[in-house]
Amino acid sequence: MQRNRINQGGYHGERIDCAAVLAEMCRMAAWHGFAREAVSANGVELAFFQRSGRPGINIYLSAGIHGDEPAAMLAMAALIDRDRWPMGVNLWICPCLNPTGSARSTRDNAAGIDQNRDYRHLKSPEVRAHIDWLERQPRFDLHICLHEDWESDGFYLYEVNPDGAPSAAEAVIEAVREVCPIDSGALIDGRESALPGIIRPSLDPATRPEWPEALWMLQNKSRHGYTLEGPSDWPMPVRVNGMVRAVEVILARIPPVVLNAGQRP
Ligand SMILES: [Zn+2]
């Protein structure tokens with residue numbers, strides 16, 4: 001695998017037509033039986049997919065909250081297209097949380113707000129609309145947020161898991177390593193990594209002046225989750241494969257006893 005070495009001071013890699021990718025995700029989601037809800041955030045339309053209704057485990061996935069992380073949206077598109085979710089899983093998917101930033105290939109939205117630092121103060125209409133929608137949904141057993149990092153040397157993840165649920169983090173790293181480099185630095189994104197590629201951040205909301213999506217989820221909807229960070233200085237297929245593999249490993253390790261409960265006739 002050859003590193004691109006083109007990201008100096010920001011993401012300068014491949015861009016995608018996010019509107020076209022989102023339209024294709026909407027088409028595929030409808031084909032696979034997802035209901036779609038369109039919510040207006042001050043004129044910016046957010047799409048949310050849902051396929052649920054049976055007893056089972058509730059999984060939430062999101063992508064595209066940073067507009068300069070195209071592999072996250074492509075990985076989500078691949079997951080929806082494959083439709084290989086474990087039996088007994090109910091799904092809530094936010095395929096593109098920052099449409100205006102994604103259209104411009106910028107981290108922030110068009111108003112200059114980093115939406116993934118806005119879950120405490122709710123300055124952006126997009127985050128307010130997202131939370132309005134989330135508050136109408138049930139609790140999630142697991143949340144997975146797809147991201148990329150242009151500065152990283154490889155794939156890594158954050159895990160929030162204060163109750164000590166069985167963790168998939170180490171299995172994810174081992175599986176992703178087969179298709180995508182892992183960032184094994186002791187310091188990743190300014191935080192100490194517990195194990196190669198794994199960060200378990202401080203979860204005290206009082207110590208965090210700005211909240212990312214995952215911290216709001218932890219406090220309001222879901223006590224266990226992963227933020228996956230693809231390495232965006234590597235070729236697009238490497239990053240996409242890494243993230244798809246990571247999600248598949250996480251879902252494959254959902255305790256079968258929970259799945260069985262939803263599958264009995
Ligand atoms: Zn991001």
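Values reported hereafter were calculated over all heavy atoms of this structure, with side chains retained and with hydrogens, waters and symmetry mates removed. Whatever order the structure lists them in is the order used to number ligands and atoms, beginning at 1.
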### Query
Taking just the N, O or S atoms of H66, which one is nearest to the Zn ion (ligand 1)?
ND1

#### Entry: Audit row: R128, D118, salt bridge (Lys or Arg N to Asp or Glu O under 4.0 Å) steps and yes/no
CA-CA 9 Å; R128 288 199 298 274; D118 194 31; over 6 Å; no

#### Entry: R120 bridged to E210 by N-O distance under 4.0 Å
no

### Task
Please find the N/O/S atom of H147 nearest to the Zn ion (ligand 1) and write down its name.
ND1

### Query
Do H224 and Y226 make the cut of ring centroids closer than 6.0 angstrom?
yes

### N, O or S atom of E69 closer to the Zn ion (ligand 1) than 2.8 Å
yes

### Task
Carefully, step by step, assess R3 and D233 under the rule salt bridge (Lys or Arg N to Asp or Glu O under 4.0 Å).
CA-CA 6 Å; R3 188 168 179 163; D233 203 27; 2.9 Å; yes

